[in-house]
Amino acid sequence: MEERSLNFLEEIIEGHLSEGKYTSIHTRFPPEPNGYLHIGHAASICLNFGLALKYKGKCNLRFDDTNPVTEETEYVESIMNDVQWLGFQWDELRYTSDYFEQLHDFAVKLIHKGLAYVDDSSSEEMAASKGDLNRPGTNSLYRDRTMEENLQLFREMREGKYPDGAKVLRAKIDMAHPNLLMRDPIIYRIKHAHHHRTGNQWCIYPMYDFAHGQSDSIEHITHSICTLEFIHHRALYDWFIEQLEIFPSHQYEFARRNLSYTVMSKRKLLQLVNEKHVEGWDDPRMPTISGLRRRGYTPESIRNFADTIGIAKRENITDVGLLEFCIREHLNKVANRAMAVLDPVKLVITNYPEGQTEELEAENNPEDENAGSRIVPFSRELWIEREDFMESPSKKFFRLGPGLMVRLKYAYIIRCDDFKKDEQGNITEIHCSYLPESKSGADSSNLKVKGTIHWLSVPHARTAEIRLYDRLFRVENPSSEEGDFKDYINPDSLQVLPNAYIEPALANAQPGDRYQFLRKGYFCADKNSTPDHLVFNRTVGLKDSWGKEAKKEG
RNA sequence: AGUUCUAUGGUGUAAAGGUAGCACAACUGAUUUUGGUUCAGUUAGUCUAGGUUCGAAUCCUGGUAGAACUACCA
């Protein structure tokens with residue numbers, strides 16, 4: 001095994017372990033259940049769970065559910081499903097809402113210490129007195145209420161005596177602090193809202209900053225890993241832990257992972273779903289874990305992707321091509337091959353007896369000796385791919401054209417003798433003759449042909465719907481373009497082929513089954529696919545060096 | 001403008017004062033009954049100016065560029 005270098009978090013952890021600061025580590029993955037997880041979260045999951053695995057520690061799954069108005073059980077379930085699908089199992093399942101009582105007591109403790117006060121200011125007044133990047137803020141009129149008064153008011157807030165927004169509880173820190181978050185941050189607000197777990201038990205809810213660090217502390221999280229935008233929150237995180245005198249968890253930040261040709265913010269993804277630019281959170285064009293799953297990605301490929309992109313502290317946009325490489329690499333090894341004709345044109349083998357059928361053996365996966373083989377029926381009339389024929393081919397075109405020879409995969413070598421066109425000039429039928437002595441596995445023809453194409457026997461082929469997906473956006477970074485990111489949606493991100501043909505061997509494909517359609521790409525039976533109406537999603541195309549060549553030729 | 005963070009080929013990521021490496025992408029060529037796979041190879045990088053040092057991507061100073069922070073969101 002070659003030695004892999006450590007990322008900055010592994011270095012920190014190994015330092016802590018060797019110094020004896022900790023004997024074991026404890027991480028956590030803390031999603032807010034207000035949306036589906038995406039590939040960026042997948043990287044974070046791999047990081048947190050991966051670190052725990054690597055250093056024989058623990059990793060919790062904790063739902064950060066402090067804002068009842070945006071959070072739903074549906075999201076909780078999808079998140080648990082996604083984490084497990086990726087191949088991870090949490091040590092403990094927790095909810096921040098498990099700690100509401102404890103968090104409330106922490107707030108009371110702060111009031112007792114004279115470090116928190118109830119403020120009646122409106123949010124406008126609070127914003128005005130906050131100051132700005134260059135100017136210090138000013139103290140609230142309510143900042144010097146007595147401890148008793150604060151205690152009573154906070155109790156009344158909890159009892160539901162005040163409407164939403166009437167009062168908040170604030171930490172008393174420093175209104176002139178250069179870090180705006182330290183200027184008496186709000187720690188509790190009133191929300192008469194139904195919570196997905198605690199129901200109507202509470203009408204005050206802690207803010208993120210007053211919940212996250214303490215939750216980490218309660219769970220004895222040693223390494224609380226989050227993304228860079230929380231870096232300024234660390235001061236607060238530490239302040240609360242210090243004032244409350246509780247287990248000192250520590251926060252470490254890394255740069256969130258971005259992917260080219262997509263958007264990653266939950267807000268934007270939600271917008272795509274709500275405004276029906278996609279069919280749902282698990283639309284195969286979405287960068288969500290559920291979308292990638294439906295698209296045909298494997299957990300292995302996503303974990304490998306996360307490993308490969310690594311982790312650091314600088315802004316980044318990873319080329320989606322790397323994700324595609326990871327899924328091709330995995331599927332090449334594990335996906336059985338099959339033939340499908342997406343854009344069919346008829347080919348007749350004029351010297352092949354009418355009514356005759358042969359059963360040809362086809363290997364399922366040349367990369368896997370144990371994959372076995374299947375039978376593919378052959379007959380006089382075949383479907384081939386329209387793009388595999390050119391009326392006047394260039395020198396580099398190794399497929400069919402007048403007088404040209406190719407091999408039919410697993411079958412015979414054929415020569416093109418003739419073809420028919422309709423009034424519009426479209427090819428309607430191709431006539432070929434076959435060389436009986438060139439049969440695969442028993443070839444005595446001594447002929448070498450440059451091209452091999454896939455095909456399907458007309459009477460035996462089954463129909464299927466095939467969905468071709470392309471990137472959702474036309475530009476690398478839709479969020480950094482001018483105007484609305486939705487202006488950059490790729491109008492051709494989905495192409496549906498309702499009447500493609502597939503091998504009879506695929507008639508019983510089950511939702512989630514993955515195949516390589518020879519020369520076309522990797523495909524996955526959609527979740528809604530049935531034997532009566534088979535639907536395949538294209539996960540990713542094969543590398544296409546001919547496509548590049550053809551482009552060069554114009 | 002204040003605070004904080006970051007800067008290595010096209011992209012992502014290593015090198016803890018000592019040969020700038022790996023992966024993807026791109027490009028050659030070989031192999032191939034998938035123009036796939038595999039194999040061999042090529043191109044291409046330390047933001048900038050000083051300083052310390054025998055020696056700097058790494059340490060120091062100044063610049064430049066990008067990002068984050070002024071939600072009763074997380």
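Naming convention: chains lettered A, B, ... in sequence-line order (proteins, then strands); numbering from 1 in each chain.
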ask   = Counting side-chain heavy atoms from C-beta on, which of rA14(B), rU13(B), rU4(B) comes nearest to Ser5(A)?
value = rA14(B)
request  = Please state the P separation for the pair rA44(B) and rG9(B) - nearest whole angstrom.
outcome  = 14 Å
Closest to the Pro178(A) side chain, choosing from rG2(B), rA14(B), rG36(B) = rG2(B)
query = So, does the side chain of Arg399(A) form a donor-acceptor pair with the base of rG35(B) at under 3.5 Å?
reply = yes
query = So, are Arg143(A) and Asp184(A) salt-bridged, with charged N and O less than 4.0 Å apart?
reply = yes
ask   = Mind checking the P distance from rG63(B) to rC69(B)? Whole angstroms is fine.
value = 25 Å
ask   = Between rU33(B), rC72(B), rU34(B), which nucleotide gets closest to the side-chain atoms of Met207(A)?
value = rC72(B)
key: Listed nucleotide nearest any side-chain atom of Arg314(A), set rA7(B), rG36(B), rU70(B)   = rA7(B)
key: Proximal nucleotide (of rU3(B), rA74(B), rU33(B)) relative to the His232(A) side chain   = rU3(B)
Phe523(A)-Phe536(A) aromatic ring centre distance below 6.0 Å = no
ask   = Counting any heavy atom closer than 4.0 Å, what does Lys548(A) reach on the DNA or RNA strands: base, sugar-phosphate only, or nothing?
value = sugar-phosphate
Asn7(A) side-chain proximity, nearest of rA14(B), rG12(B), rU11(B) = rA14(B)
request  = Verify the distance criterion only: is there a donor paired with an acceptor across the side chains of Thr288(A) and His38(A) at less than 3.5 Å?
outcome  = no
inquiry  = Any N or O donor-acceptor pair under 3.5 Å from the base of rG36(B) to the side chain of Glu367(A)?
reply    = yes
